[in-house]
Amino acid sequence: MHSGLGLLPSLAAEKVTVRYGLFEQSIPVADIRNYDKTQKASADLQSFLDYLSAKEKQKFQDALQVKMSLNIVALDKLLNTGMGKQILSFASQAIARRDQASIPALRSAIIIGARSPEGLGLISFLEAYPSNQLVVDVSKISKLVGLANSSSSSADAPPKDNVSSSPLGRIALQYQTLAAQDKQFSGCLFGDSISAGLGNTLGEGTFNFGLNGLSTISLLEQLKSLIPTKIKCEKAIIAVGGNDAWYGISDELFTKNLQEAIALIRTMGNKEIFLIPAFYSTVAASSDPTVAAPFSRVEQINALINQVAEIEKVPVAAAGLAPLYENNALKENLTSDGDHLNAEGLKIYRQALLQILEN
């Protein structure tokens, strides 16, 4: 397959037809962009939103906020790998086309959408899709995302680190190794889904290596895959611990992994390392083992982070995160699901990280 770097859409999606069970609604892409900017829904879009539950509506709004600044050359190489082609084939199942061009069209929209000034997001993807109408089966998307995020473990099994065993985790790791090859960064962020939610918005010369579901187990796997790329990170921020608490990783293993991660980062031309405390959830989320770890376990993880910081002589940067919390619980107005930061919460987190990187 030829490189997609030179592709330009001969036509772009003006409407997206959403199928969700028995429901079907055509929505102008311009209406979705306007809703993203103003939160005002057109009649067509409102029909779709009214069909969603409150949680589904929040997921749709959160999805609109995801705008990824990606290395286009690395992305192009990734989509040409065997794993990239598998993901495209996998995702194309949710898009209905009468011809056999669903995979090339999907690939083209990803590359061209990623080249937009705002980065790759739902809207830039739709605007780059090479057809005047895109038909999407939302129920298939939900099913495919669930499969792509999971390994072979049972759905009712205890939560565990499956970053390196899930398709999306593996392709994210592969993209990072391609994007980091022979690169020197002034700042590198290593973290879980809360950090990943920031995208690459920490300034020129920085790279966000955040991965959904990451714990110290997959952090070590990630670092070991990055070291052969000869990456250099002058300043590194490690923001882990919440998933270690949730996955039930022992004190001994967490401490050992975190110290090993620090040692590996020090081989990357590193001058400074900063640790971020594990994030707390809301009071309600902390009581639900399917969502987050209990406060007591997060507190213990944070005590271990402080111990490792003292042994390794690295600072724990906690002050900038204080506005996120009230009595060590995430404020309700800064989250959409009790565990992850919404746009306002991410602004606070981003500012805390920028203070570290710019000093």
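Numbers here simply count residues along the sequence, with the first being 1.
For Thr216 and Asn257, the side-chain atoms include at least one donor-acceptor pair closer than 3.5 Å. In the model, Thr177 has no side-chain atom that pairs as donor or acceptor with a side-chain atom of Thr229 under 3.5 Å. There is a side-chain donor-acceptor pair under 3.5 Å between Arg350 and Thr201. At a cut-off of 3.5 Å, with distance as the only test, no side-chain donor of His340 or Thr335 sits close to an acceptor on the other residue. Between the side chains of Gln46 and Asp50, at least one donor-acceptor pair of N or O atoms lies under 3.5 Å. Judged purely by distance below 3.5 Å, without hydrogens or angles, the side chains of Asn342 and Gln58 never pair a donor atom with an acceptor atom. Of the N and O atoms on the side chains of Gln133 and Glu14, not one donor lies less than 3.5 Å from an acceptor on the other residue.
With respect to the salt-bridge test (charged N to carboxylate O, under 4.0 angstrom), the residues Asp31 and Lys15 do not qualify. Note on Lys331 versus Glu326: no salt bridge recorded, every NZ/NE/NH1/NH2 to OD/OE distance being 4.0 Å or above. Taking 4.0 Å as the cut-off between side-chain N and carboxylate O, Glu118 and Arg33 count as a salt-bridged pair. Under 4.0 Å is where a charged nitrogen must lie from a carboxylate oxygen, and between Glu221 and Arg170 no such pair does. At a threshold of 4.0 Å, the pair Lys347-Glu344 counts as salt-bridged, since one of the basic side-chain nitrogens sits closer than that to a carboxylate oxygen. Using a 4.0 Å cut-off between charged nitrogen and carboxylate oxygen, Arg297 and Asp251 count as a salt-bridge pair. A salt bridge does not link Glu252 to Lys256: none of the charged side-chain nitrogens sits closer than 4.0 Å to a carboxylate oxygen. Using a 4.0 Å cut-off between charged nitrogen and carboxylate oxygen, Arg266 and Glu272 do not count as a salt-bridge pair.
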Kindly indicate, with the supporting measurements, whether the criterion side chain to side chain donor-acceptor pair (under 3.5 Å) is fulfilled by Ser164 and Ser218. CA-CA 7 Å; Ser164 61; Ser218 48; over 6 Å; no
Report the C-alpha separation of Lys224 and Glu260 in whole Å, then their side-chain angles, then the decisive distance to 0.1 Å, and conclude whether the side chain to side chain contact (heavy atoms under 4.5 Å, CB included) test is met. CA-CA 11 Å; Lys224 288 172 183 176; Glu260 188 177 343; 3.5 Å; yes
Apply side chain to side chain contact (heavy atoms under 4.5 Å, CB included) to Ile95 and Val135, showing your working. CA-CA 6 Å; Ile95 297 173; Val135 181; 6.0 Å; no
Show your reasoning for whether salt bridge (charged side-chain N to carboxylate O under 4.0 Å, His left out) applies to Arg115 and Asp76. CA-CA 11 Å; Arg115 294 173 66 181; Asp76 186 59; over 6 Å; no
Please evaluate residues Glu56 and Ser53 with respect to the criterion side chain to side chain donor-acceptor pair (under 3.5 Å), reporting the C-alpha separation (whole Å), side-chain torsions for both, the decisive distance (0.1 Å), and the verdict. CA-CA 5 Å; Glu56 289 169 335; Ser53 66; 3.3 Å; yes
Derivation and outcome, side chain to side chain donor-acceptor pair (under 3.5 Å), residues Asp44 and Ser42: CA-CA 5 Å; Asp44 289 334; Ser42 66; 5.3 Å; no
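Other residues, nucleotides and ligands contribute only 12 or fewer heavy atoms inside 6.0 Å of the CD atom of Glu310. Around the NZ atom of Lys183, the shell of radius 6.0 Å holds more than 12 heavy atoms that belong to other residues, nucleotides or ligands. Counted within 6.0 Å of NZ on Lys271, heavy atoms from surrounding residues, nucleotides or ligands total 12 or fewer; the atom is thus considered open. Counting heavy atoms of neighbouring residues, nucleotides and ligands inside a 6.0 Å radius, atom CG of Asp182 exceeds 12 of them.
The distance from atom CG of Leu52 to atom CD of Gln61, rounded to the nearest 0.5 Å, is 9.5 Å. Atoms CG and CD1, on Leu219 and Ile238 in that order, are 6.0 Å from each other to the nearest 0.5 Å. The line from CG of Asn71 to CG of Leu178 is 8.5 Å long, rounded to the nearest 0.5 Å. For the atom pair CG (Leu223) and CD1 (Ile265), the distance works out to 5.0 Å, reported to the nearest 0.5 Å. Taking CH2 of Trp246 as the reference point, atom CG of Asn243 lies at 7.0 Å (rounded to 0.5 Å).
Asn208 places a side-chain N or O within donor-acceptor distance of the main-chain N or O of Gly199, the cut-off being under 3.5 Å. Of the possible donor and acceptor atoms, one in the side chain of Ser116 sits under 3.5 Å from a partner among the backbone N and O of Gly119. A donor-acceptor contact shorter than 3.5 Å is absent between the side chain of Lys67 and the backbone of Ser124. Not one N or O on the side chain of Asn302 forms a donor-acceptor pair closer than 3.5 Å with the backbone of Pro277. The closest donor-acceptor contact from the side chain of Ser186 to the backbone of Gly205 lies under 3.5 Å. Ser108 places no side-chain N or O within 3.5 Å of a backbone atom of Pro104 that could act as its donor or acceptor partner.
Closest of all the heavy-atom pairs between Val316 and Ala309 is CG2-CB, 3.4 Å. When every heavy atom of Ala278 is checked against every heavy atom of Ile305, the shortest pair comes out as N-CD1, 3.8 Å. Summarising the geometry of Leu226 relative to Ile231, their closest heavy-atom pair is O-CG2, 3.6 Å, with the distance given to 0.1 Å. In plain terms, the two heavy atoms of Val291 and Ala285 that are nearest each other are CG1-CB, 3.8 Å. In this structure, Leu189 and Ser195 approach most closely via the heavy-atom pair CD2-CB, 3.7 Å. Across every non-hydrogen atom of Asp36 and Leu64, the tightest pair is OD1-CB, 3.8 Å.
With sequence neighbours left out, Tyr35 forms a ring-ring contact (aromatic ring centres under 6.0 Å, His included) with no residue at all. With sequence neighbours excluded, the residues satisfying ring-ring contact (aromatic ring centres under 6.0 Å, His included) with Phe279 are Tyr349.
With hydrophobic clusters built from ILVMFWY side chains whose heavy atoms lie under 4.5 angstrom apart, Met268 shares a cluster with Leu211.
Proximity of Leu106 to Phe125: side-chain heavy atoms (C-beta onward) are separated by under 4.5 Å at one or more points.
Phe185 and Phe209 have perpendicular rings, their planes meeting at more than 60° on a 0 to 90° scale where under 30° would count as parallel.
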